[in-house]
Number of protein chains: 2
Amino acid sequence: MNKVKTDPRIQRTRKLIMDSFMELSSEKEFKDITVKDITTEAMINRATFYYHFEDIYDLLEKILSEVLLVNLDCDYYQNNNLNEKALVNIFIAITNFQKSLSNRCHRGYEDTIARIIREQLEIIFYRMLLKQNKKEEDEALKITAVILSWGIYGASVEWRRNSKKIEPEEFIKSAIPYIMSGVDFGLA
Amino acid sequence: MNKVKTDPRIQRTRKLIMDSFMELSSEKEFKDITVKDITTEAMINRATFYYHFEDIYDLLEKILSEVLLVNLDCDYYQNNNLNEKALVNIFIAITNFQKSLSNRCHRGYEDTIARIIREQLEIIFYRMLLKQNKKEEDEALKITAVILSWGIYGASVEWRRNSKKIEPEEFIKSAIPYIMSGVDFGLA
DNA sequence: TTGAAAATGTCGTTTATACAACACATTGAA
DNA sequence: TTCAATGTGTTGTATAAACGACATTTTCAA
């Protein structure tokens, strides 16, 4: 998609930092991880960290976004319509993502993670809506994306709360008819 | 020993290059490995390779030296005398090293490898001899180191030629009395 | 044998990283 | 409280690495 030629040094260093953070995450909680810890693990200078990330929260955000995007298979959604199949896939991706997160220790940062997931969802929904609608309705599309992102994320929270008794696919499918008609309505 | 603070970038890059070379070595022969192959595998610029090594032979030499030195447990020999035990250990290290090499494909470069091993041996023997003798005999010590290095290396070749029927330890021990008296003689 | 493609080795310029030093905030124990 | 230790975020300077270009050399198929 993007013809970006990022400096290999940047790719390498970002990967080093992210991998080190993931490694540390599996050892201790987020609140106990310092920038020094990360840079020591990554064998880079501390100042270099700040060259790439604003602070440790910025790093967390970017890592989560990236991991989530991998789960969401970005390309797929950028080229497809927002239909039942897409919604189901997205929901499954989110629940998978949350399963993989629950292994790592991010206690106390659920809110941050929630916000990041929701923001990513919003972006994806908005893109898909833009593709199949006129640009004049821009504001309406944005709002629709917001509502959908909150809604779908909320559903994943509810699914977790129910101790994951039902499979994600089944869980979301039961609600989709209502969502879809809402979407149709919103887009006139 | 050395209080060297090498720039971490240098350590990283050297390791990247060496690891990439090792990786490629297990895939194809030395003669088919180009500098471009290595730098591509290491994800560094080709010019950077020449910043660290003169050419691909220089890399080979340094890698072999390093691997050999690890096998030889440098520190140990730098702090001990050249006695039967040391000679046996060194011989075992060499045969171990050669076993590990035979897995990788360095066909056609046995001569180079042989020279590198012998040169390393010479350095080690010379250091050990220096430690237990007067400096006035410098030239004599150098020559002794040369003879010992060729001799021990030759023994390892002979050991390989004999299809490795005997254990290295046993093999070298049978000859040590003659070597040691030779050493004693040489050092008056 | 020849000529095109690939590999080698070098150079100058730009950019990313190392490092030390700094002011400031937070923490925790005396 | 106070003070010492630890973490944060920034800055200036030195240096390693990226990159593109170049002249040679090597390779190898036509």
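Just so it is clear, the values below take in all heavy atoms, side chains as well, and ignore hydrogens, waters and symmetry mates.
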If you restrict it to nitrogen or oxygen atoms, what contacts under 3.5 Å exist between nucleotides 7-10 of chain D and the protein, and what is each distance?
{"from": "D:dT8", "atom 1": "OP2", "to": "A:V35", "atom 2": "N", "distance (Å)": "3.2"}
{"from": "D:dG9", "atom 1": "OP2", "to": "A:Y50", "atom 2": "OH", "distance (Å)": "3.2"}
{"from": "D:dG9", "atom 1": "N7", "to": "A:R46", "atom 2": "NH1", "distance (Å)": "2.9"}
{"from": "D:dG9", "atom 1": "O6", "to": "A:R46", "atom 2": "NH2", "distance (Å)": "2.9"}

**Prompt:** Could you give the distance from CD (A:E41) to CG (A:D19), rounded to the nearest 0.5 Å?
**Reply:** 9.5 Å

**Asked** Do any side-chain nitrogens or oxygens of B:Y51 fall under 4.0 Å of OP1 or OP2 in D:dA16?
**Response** yes

**Prompt:** Please give, in whole Å, the distance from C:dT17 P to B:R12 CZ?
**Reply:** 8 Å

**Prompt:** Quick one: is D:dA17 close enough that its OP1 or OP2 comes under 4.0 Å of any side-chain N or O from B:H52?
**Reply:** yes

**Fill in**
A:I17 atom CD1 is separated from C:dA16 atom C1', nearest whole Å, by 12 Å

**Request:** Check whether the side chains of B:D58 and B:Y50 place a donor and an acceptor atom closer than 3.5 Å, and report yes or no.
**Result:** no

**Fill in**
Separation of C:dA7 atom C1' from B:F30 atom CZ, nearest Å, is 14 Å

**Item:** Length of the CG-C1' vector between B:L59 and C:dG9, whole Å
**Value:** 15 Å

**Prompt:** Would you call A:E66 and A:K62 a salt bridge, taking side-chain N to carboxylate O under 4.0 Å as the test?
**Reply:** no

**Item:** Sugar-phosphate only, base, or nothing, as touched by A:R14 at under 4.0 Å among non-hydrogen atoms
**Value:** nothing

**Request:** Among C:dA18, D:dC19, D:dA17, find the nucleotide with the atom closest to the side chain of A:P8.
**Result:** D:dC19

**Request:** Nearest whole angstrom, please: distance from the C1' of D:dT15 to the CG of A:N45.
**Result:** 13 Å

**Asked** Between A:S149 and A:V146, which heavy-atom pair has the shortest distance, and what is it?
**Response** OG-O, 2.7 Å

**Asked** Rounded to the nearest 0.5 Å, how far does CD1 of B:I92 lie from CD1 of B:I172?
**Response** 9.5 Å

**Asked** Side chains of B:D37 and B:T40: do they bring a donor and an acceptor to under 3.5 Å?
**Response** no

**Message:** Between C1' on D:dT26 and CG on B:D32, what's the gap in Å once rounded to a whole number?
**Reply:** 14 Å

**Prompt:** Is the base of C:dT17 touched by the side chain of B:R9 through a donor-acceptor pair closer than 3.5 angstrom?
**Reply:** yes

**Item:** Separation of atom CD1 in B:I38 from atom C1' in C:dG9, rounded to whole Å
**Value:** 14 Å

**Request:** Please determine, by modelled atom types, if A:Y51 and A:N45 share a side-chain donor-acceptor pair under 3.5 angstrom.
**Result:** no

**Asked** Nearest-Å distance, CD (B:Q11) to P (D:dA17)?
**Response** 11 Å

